[in-house]
Amino acid sequence: MQTNTPYIIMALSLLLNGSCASHTIRASQFDPVGNAGQPLEHGTLSIAGRAGLSSDGTGYPALECRGGDLAEVEFRRNVGQTVLTLLTLGIVSPATLYFYCEKQEIPPPCDCETGDGL
Amino acid sequence: MPNDDAMLDWIPQAVPWKNFHETLTAPIKGVYNVWYPADLPRYGADTINRCTHQIQRALTEAKVSGITARAVGRGWSLSDVPATNGALIDVSRLSGMKPIRQNQLDPAYPGDADAREGLWLIQAGAYISEINRMIESDRFERSLPTSGAANGQTIVGATATGTHGSALGVSALHDQIVAIHLLAGDSNQFWLERASYPVLKPSLAAALGAAVIRDDALFNAVVVGLGAFGIIHNVIIETRPRFLLESVNIDSDGTGAKLTLDAAMRNVIETLDFDGHPALQSATGLQPYFFQPIIDPNSNPPEVLVTLMYEKPWTTGYQPDYNMAASKFGPGFDFLSVIGQLLDIYQDGVPLFAQIAIAALFDTNSRTGSWGEMFGYKTPRTKVASGTVAVPLNRALETLDQLIGINNAIGPTPVVFGCRYVKKSPALLAMNRFDTTFVVSIDGIFNNTTLQFFDQIPQKMEQAGIPFTQHWGKTNGYTPARVQNAYGADLTAWTDARHQLLPDPGDRALFTNDYMIQRGIDA
């Protein structure tokens with residue numbers, strides 16, 4: 001029993017810390033837009049890493065942004081996803097992407113002196 | 001007429017909606033996202049009409065479905081003021097902005113020559129960050145006179161809930177609005193101005209198909225309308241010539257001793273007489289444009305960190321840098337949530353944590369920048385606690401003593417008190433309703449102790465007989481009785497205005513949420 005303790009601690013640590021891992025990248029000037037303030041969400045599955053298969057092929061096109069840029073992307077894996085990754089020795093690796101689109105660039109406000117309908 | 005159906009999409013929501021700061025949830029049915037036209041027309045009456053049509057479509061669908069609807073932008077509020085059990089209508093993609101031309105102005109517009117140069121028509125979803133970047137550019141050379149501490153809110157989300165700053169002698173952000181385009185239900189639209197402050201000739205309202213109403217009481221009701229009057233689609237704001245701020249953060253006196261809430265500091269806080277404090281008086285004799293003392297109630301005596309900002313003329317060639325600071329090792333999104341739970345268990349750790357946090361966050365180097373740079377991007381999407389209490393300036397010190405007393409009674413609470421000053425507003429439900437309103441922003445970590453602290457604020461204020469208001473968009477302890485006590489006849493006028501602009505009970509019900517019901521403002 002005692003000999004299992006280090007392994008149990010290692011497994012718990014992996015679960016707790018692995019499942020809380022979060023990686024974020026964002027534009028330095030960002031005007032993010034999501035869904036009523038919430039980030040947009042996309043579940044993704046990788047099998048055998050870059051050498052294998054992915055539920056998104058070579059990448060997920062953020063169609064939610066309607067052709068616009070991404071403002072922020074966070075990669076996260078929850079407890080369930082971490083368990084599955086551990087049980088499959090990393091071969092099956094699900095995760096969730098949380099992202100915001102960058103706001104659409106709206107045309108500049110002028111020709112201000114001649115007006116445009118106002 | 002282009003086919004604009006794609007400008008509106010509906011995303012059903014199976015899990016509760018979370019606000020941006022993830023401090024509250026609401027069981028919404030879904031979100032209508034309203035998109036700016038894909039052909040990217042210039043922002044003007046035609047574009048506004050196309051967007052208006054889509055918002056009205058969403059409102060019609062909500063009515064037909066028998067659900068409530070509320071507009072939302074970034075979901076920045078920390079209270080559940082934007083929440084609903086029905087549909088959220090996300091207008092944050094509607095970011096049109098343009099300056100008003102001189103020939104559009106009503107000859108009776110009371111603004112001076114400079115004000116006439118600085119009126120901007122802005123669509124509801126424009127973020128404060130976008131407005132800053134646009135108006136501070138070399139092309140327009142304007143600045144916001146004030147804003148909140150961060151730049152992530154939409155203009156209407158911020159103003160409809162009463163966001164303020166701490167610019168001395170300046171009122172809140174909502175007080176910069178001088179005209180409102182209101183969609184009162186799915187068919188009626190109004191162009192609202194104060195009778196005492198006419199702004200535009202009727203041509204714009206006519207182009208929008210909006211009925212012009214010039215009425216002080218109605219305008220003053222809608223401008224801090226809490227989403228209860230419908231959806232504000234566009235506003236006109238007054239700006240000022242652009243300027244720079246030199247910001248100085250002070251945490252100690254000339255001898256290196258920490259600033260504390262001693263007699264001299266109390267005098268400054270209550271009188272704004274900076275010459276009375278040796279560490280705060282200006283060498284040049286200038287009065288600050290912005291003043292914010294931050295009090296740590298968990299130190300003994302309470303330590304004070306002071307931010308002073310002095311107005312400076314814009315320097316030719318100055319180019320603001322709006323980028324976020326480079327990343328460094330620091331807390332992640334959920335760090336404060338975890339720390340909050342730990343500090344609930346180990347409350348004695350609060351003072352030490354406060355000292356560490358203050359040392360990490362408070363930079364005593366001076367810096368110069370534009371308004372948009374100074375009040376820029378803050379750490380996003382993290383679970384923060386924020387509540388306020390606002391009182392007349394002559395009750396400031398009593399209020400601080402009450403707050404320190406609460407902290408002493410319930411034990412160390414992971415918050416600091418940011419003191420801010422706001423000029424009186426004519427808006428009926430404005431938090432800044434005292435001649436000079438002294439606002440204590442209680443900011444910190446969201447945990448049970450902090451919530452207990454917030455709960456006790458109204459009780460203590462009532463026991464002390466201090467008149468007070470609270471920020472609608474932050475954690476507040478408003479009950480029907482407290483709202484009535486705070487606003488009295490102005491609340492009645494606000495409700496009357498709602499009945500006048502939304503005469504159909506069905507339309508009033510459409511925009512009513514639990515937040516309003518719980519505070520007795522749903523009549």
Side-chain angles (χ1 to χ4, degrees), chain A residues 16-43 62-80 96-118, chain B residues 6 11 13 17-21 28 31-33 35-36 38 40-48 72-76 82 88-90 92-101 103-104 120-121 123 125 127 129-130 133-134 139-140 152 203-204 207 322-324 326 332-334 377 380-381:
Chain A
L16 289 172
N17 292 299
S19 64
C20 295
S22 164
H23 310 274
T24 301
I25 187 166
R26 68 170 67 95
S28 61
Q29 281 183 39
F30 80 144
D31 298 307
V33 64
N35 187 34
Q38 309 165 117
L40 297 155
E41 191 175 327
H42 173 68
L63 299 176
E64 295 88 340
C65 299
R66 295 194 178 183
D69 296 333
L70 288 165
E72 176 182 301
V73 180
E74 183 193 2
F75 170 95
R76 212 188 297 169
R77 192 175 278 140
N78 63 27
V79 174
T96 306
L97 299 170
Y98 296 88
F99 62 98
Y100 287 95
C101 306
E102 182 67 20
K103 265 197 185 183
Q104 207 170 17
E105 191 77 34
I106 287 177
C110 298
D111 190 355
C112 306
E113 290 308 315
T114 58
D116 60 348
L118 282 184
Chain B
I11 301 180
Q13 180 127 353
W17 172 78
K18 281 184 183 175
N19 65 339
F20 182 80
H21 292 100
I28 65 170
V31 178
Y32 285 104
N33 287 296
W35 292 76
Y36 198 83
L40 295 179
R42 197 165 268 167
Y43 175 57
D46 293 342
T47 305
I48 291 173
V72 69
R74 283 291 288 282
W76 200 265
L88 286 173
I89 300 176
D90 183 347
S92 62
R93 292 169 179 80
L94 307 181
S95 299
M97 287 177 257
K98 68 180 300 175
I100 294 293
R101 298 191 314 273
N103 63 6
Q104 292 178 289
W120 277 74
L121 177 67
Q123 209 168 13
Y127 295 167
S129 55
E130 294 178 287
R133 285 204 306 272
M134 176 70 78
R139 184 165 192 180
F140 299 111
S203 53
L204 172 58
Y322 299 109
N323 289 306
M324 277 187 282
F333 286 139
D334 289 334
Y377 299 103
R381 221 153 42 91

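Within every chain, numbering begins at 1; the chains are lettered A, B, ... in the order of the sequence lines, protein sequences first and strands thereafter. Predicted, not measured: the structure shown is a model, and the values here were computed from it.
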Tell me, for A:Glu102 versus chain B, whether the close heavy atoms (under 4.5 Å) come from the side chain, the backbone, both or neither. neither
Tell me which of these, B:Gly125, B:Gly152, B:Ser95, B:Gly73, has more heavy-atom pairs under 4.5 Å with chain A than the rest. B:Ser95
Structural part of B:Asp90 lying under 4.5 Å from a heavy atom of chain A: side chain
Will you find, in the side chains of A:Asn35 and B:Asn33, an N or O donor that is under 3.5 Å from an N or O acceptor? yes
Which portion of B:Pro82 sits near chain A, non-hydrogen atoms under 4.5 angstrom: neither
From the list B:Tyr36, B:Trp120, B:Tyr322, the residue making the most non-hydrogen contacts under 4.5 Å with chain A is B:Tyr36
Based on non-hydrogen pairs under 4.5 Å, which of B:Leu88, B:Asn323, B:Val72 is most in contact with chain A? B:Asn323
To the nearest 0.5 Å, atom CE of B:Met324 lies from atom OG of A:Ser28 at 6.5 Å
If you count heavy-atom pairs within less than 4.5 Å of chain A, which of B:Ile89, B:Val31, B:Thr47 leads? B:Val31
Region of B:Leu40 in contact with chain A, defined by heavy-atom distances below 4.5 Å: both
Residues A:Glu74 and A:Ser22: side-chain donor-acceptor under 3.5 angstrom: yes
Over all heavy atoms of both residues, which pair between B:Ala6 and A:Arg66 is shortest? Give the atoms and the distance, please. O-NH1, 2.7 Å
Less than 6.0 angstrom from the centroid, inside 45 degrees of the normal: does B:Arg74 satisfy that with respect to the ring of B:Tyr127? yes
Residue pair A:Ala27 / A:Phe30: nearest heavy atoms and the distance that separates them: O-CB, 3.5 Å
